[in-house]
Novice: 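Take this structure, written in structure tokens, and hold onto it; I'll ask about it next.
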There are 2 protein chains.
Amino acid sequence: MAEPNETPWLNDDEQRMWREWLHLDAELLATLNREMQAEAGLSNPDYQVLAVLSESPEGRVRISDLAASLQWERSRVSHHVARMEKRELVSRLECPDDGRGAFVRITGTGQTAIERAAPGHVRAVRRLVFDALTPEEVARLGEIFHRLRSRIGLSAE
Amino acid sequence: MAEPNETPWLNDDEQRMWREWLHLDAELLATLNREMQAEAGLSNPDYQVLAVLSESPEGRVRISDLAASLQWERSRVSHHVARMEKRELVSRLECPDDGRGAFVRITGTGQTAIERAAPGHVRAVRRLVFDALTPEEVARLGEIFHRLRSRIGLSAE
DNA sequence: GGCGGGTAGGTGATGCGTCATGTATCGTTC
DNA sequence: GAACGATACATGACGCATCACCTACCCGCC
């Protein structure tokens with residue numbers, strides 16, 4: 001190990017769990033990404049954006065609202081929407097109420113793409129995750145993830 | 001929802017858990033990254049590479065072995081080592097036994113960096129993850145992650 | 001009416017990751 | 001010993017993500 005002894009390293013269980021977690025994460029996301037890319041030409045972030053847009057009653061969403069829904073930075077949304085616009089999955093509209101604002105709307109191409117992607121995506125999540133878990137495990141994991149998540153940002157740095 | 005009814009979507013527990021998981025992941029990795037960046041100027045991948053190198057008895061590791069240890073693609077290792085070489089964290093050596101091969105070695109700068117990073121990194125993982133979990137939970141999570149991981153790659157596509 | 005601070009969004013630089021491809025070398029087989 | 005397929009690694013192009021910074025606009029106030 002590279003670290004001086006004063007800092008207690010993780011014990012075996014912890015170390016094994018941590019490694020499994022990191023690898024699982026990487027593999028899970030990569031697999032979901034790859035399958036959706038193959039089936040519908042969408043990346044995971046593409047899917048998330050299109051999902052929000054297609055669920056919006058007005059059919060158009062402000063950049064900032066999109067950022068809030070996805071918990072992304074506005075800049076990230078801006079970049080991503082720009083890329084998606086090039087591929088004609090979404091389009092931008094000016095916002096009449098606020099000269100600074102912009103709407104994003106899903107296009108026909110985008111609608112087709114997400115409809116094509118959705119069933120496979122859900123099936124993949126089921127197959128990779130939920131088919132291997134009991135309902136009790138799902139509940140426990142949900143609680144644990146929530147607990148961990150709520151601690152992030154407290155007393156950092 | 002965007003998907004046709006034939007495909008069963010996730011139930012509430014599943015959906016909540018899945019969202020928590022995705023967000024937790026993103027936030028956890030981002031936080032670990034940010035803290036190590038601030039403390040020692042290293043990214044997470046930098047740390048992993050340096051850790052393998054500094055644990056190697058010979059002080060040098062073949063690119064392919066590095067890829068195997070980290071479970072990265074060789075190409076990724078190649079790119080990453082190139083970036084780290086620019087920052088003088090590692091250096092490349094020619095391999096006398098195999099004209100195709102290359103060794104990577106940690107530099108003094110790299111050694112200093114990982115020694116500076118390691119205690120904080122371990123503390124961060126403890127603080128963010130293990131301080132909030134009981135040993136039973138750690139064991140259960142380890143088992144679950146292992147189970148899920150072993151299913152990836154079976155019957156894909 | 002014009003000043004000042006906050007907000008909406010865009011942009012450029014840079015690092016990270018993958019895919020497709022290229023090049024040199026190795027080992028084997030004839 | 002030449003040819004051939006496999007291996008080791010590099011490279012270029014591209015998408016993704018963040019950071020730092022910019023512009024334009026809104027709103028409240030003097």
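Everything numeric here is computed off the predicted structure, so don't read it as measured data.
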Novice: For A/N44 and A/P96, take the nucleotide of DNA chain D holding the closest heavy atom to each; which residue's nucleotide lies nearer the 5' end?
Specialist: A/N44

Novice: Scan nucleotides 4-9 of chain D nucleotide by nucleotide, 5' to 3', and note B when protein non-hydrogen atoms come under 4.0 Å of the base, S if they reach only the sugar-phosphate, - if neither.
Specialist: ---BBB

Novice: Restricting to side chain to side chain contact (heavy atoms under 4.5 Å, CB included), what partner residues turn up for B/S69, sequence neighbours left out?
Specialist: B/V52

Novice: Which residues pass the side chain to side chain donor-acceptor pair (under 3.5 Å) test with B/R76, sequence neighbours left out?
Specialist: none

Novice: By the ring pair (Phe, Tyr, Trp, His ring centres under 6.0 Å) test, which pairs, at least two apart or in different chains, include something from residues 57-95 of chain B?
Specialist: B/W72-B/H80

Novice: Between the protein and nucleotides 18-20 of chain D, which nitrogen or oxygen pairs come in under 3.5 angstrom?
Specialist:
| residue | atom | partner | partner atom | Å |
| --- | --- | --- | --- | --- |
| D/dT18 | O4 | A/H79 | NE2 | 3.3 |
| D/dC19 | OP2 | A/E73 | OE2 | 3.1 |
| D/dC19 | N4 | A/S75 | OG | 2.9 |

Novice: Starting at atom CG of A/L28, determine the distance to atom C1' of C/dG17, rounded to an integer number of angstrom.
Specialist: 17 Å

Novice: Between D/dC16 atom P and A/L89 atom CG, what is the distance in whole Å?
Specialist: 10 Å

Novice: Atom CD of B/Q71 and atom P of C/dG17: how far apart are they, to the nearest Å?
Specialist: 15 Å

Novice: List in chain and number order the residues that pass side chain to side chain contact (heavy atoms under 4.5 Å, CB included) with A/E88, two or more places apart in sequence or in another chain; answer none if no residue qualifies.
Specialist: none

Novice: Considering residues at least two apart in sequence or located in another chain, which fulfil the side chain to side chain donor-acceptor pair (under 3.5 Å) criterion with B/E73?
Specialist: none

Novice: Which residue pairs satisfy the salt bridge (charged side-chain N to carboxylate O under 4.0 Å, His left out) criterion with at least one member in residues 100-114 of chain A, sequence neighbours excluded?
Specialist: A/D98-A/R100

Novice: With sequence neighbours excluded, what pairs up with A/D65 under the side chain to side chain donor-acceptor pair (under 3.5 Å) test?
Specialist: none

Novice: Could you tell me the separation between the CZ atom of B/R87 and the C1' atom of C/dG15, rounded to a whole number of Å?
Specialist: 9 Å

Novice: Quick one: which residue pairs count as a ring pair (Phe, Tyr, Trp, His ring centres under 6.0 Å) with a foot in residues 112-131 of chain A, not counting sequence neighbours?
Specialist: A/Y47-A/H121

Novice: Measure the distance from NE2 on A/H80 to P on D/dA17 and round it to the nearest whole Å.
Specialist: 7 Å

Novice: Can you measure B/E94 atom CD to D/dA10 atom C1' for me and round it to whole angstrom units?
Specialist: 14 Å

Novice: Polar-atom pairs under 3.5 Å, protein N or O versus N or O of nucleotides 1-3 of chain D: list them with distances, or write none.
Specialist:
none

Novice: Can you tell me if B/R116 has over 12 outside heavy atoms packed within less than 6.0 Å of its CZ?
Specialist: no

Novice: According to ring pair (Phe, Tyr, Trp, His ring centres under 6.0 Å), who are the partners of B/F103, at least two apart in sequence or on a separate chain?
Specialist: none

Novice: Is the count of non-hydrogen atoms from other residues, nucleotides or ligands lying under 6.0 Å from B/R62 atom CZ greater than 12?
Specialist: yes

Novice: In whole angstrom, what separates B/L29's CG from C/dG17's C1'?
Specialist: 14 Å

Novice: Please give, in whole Å, the distance from D/dA17 P to B/L22 CG?
Specialist: 12 Å

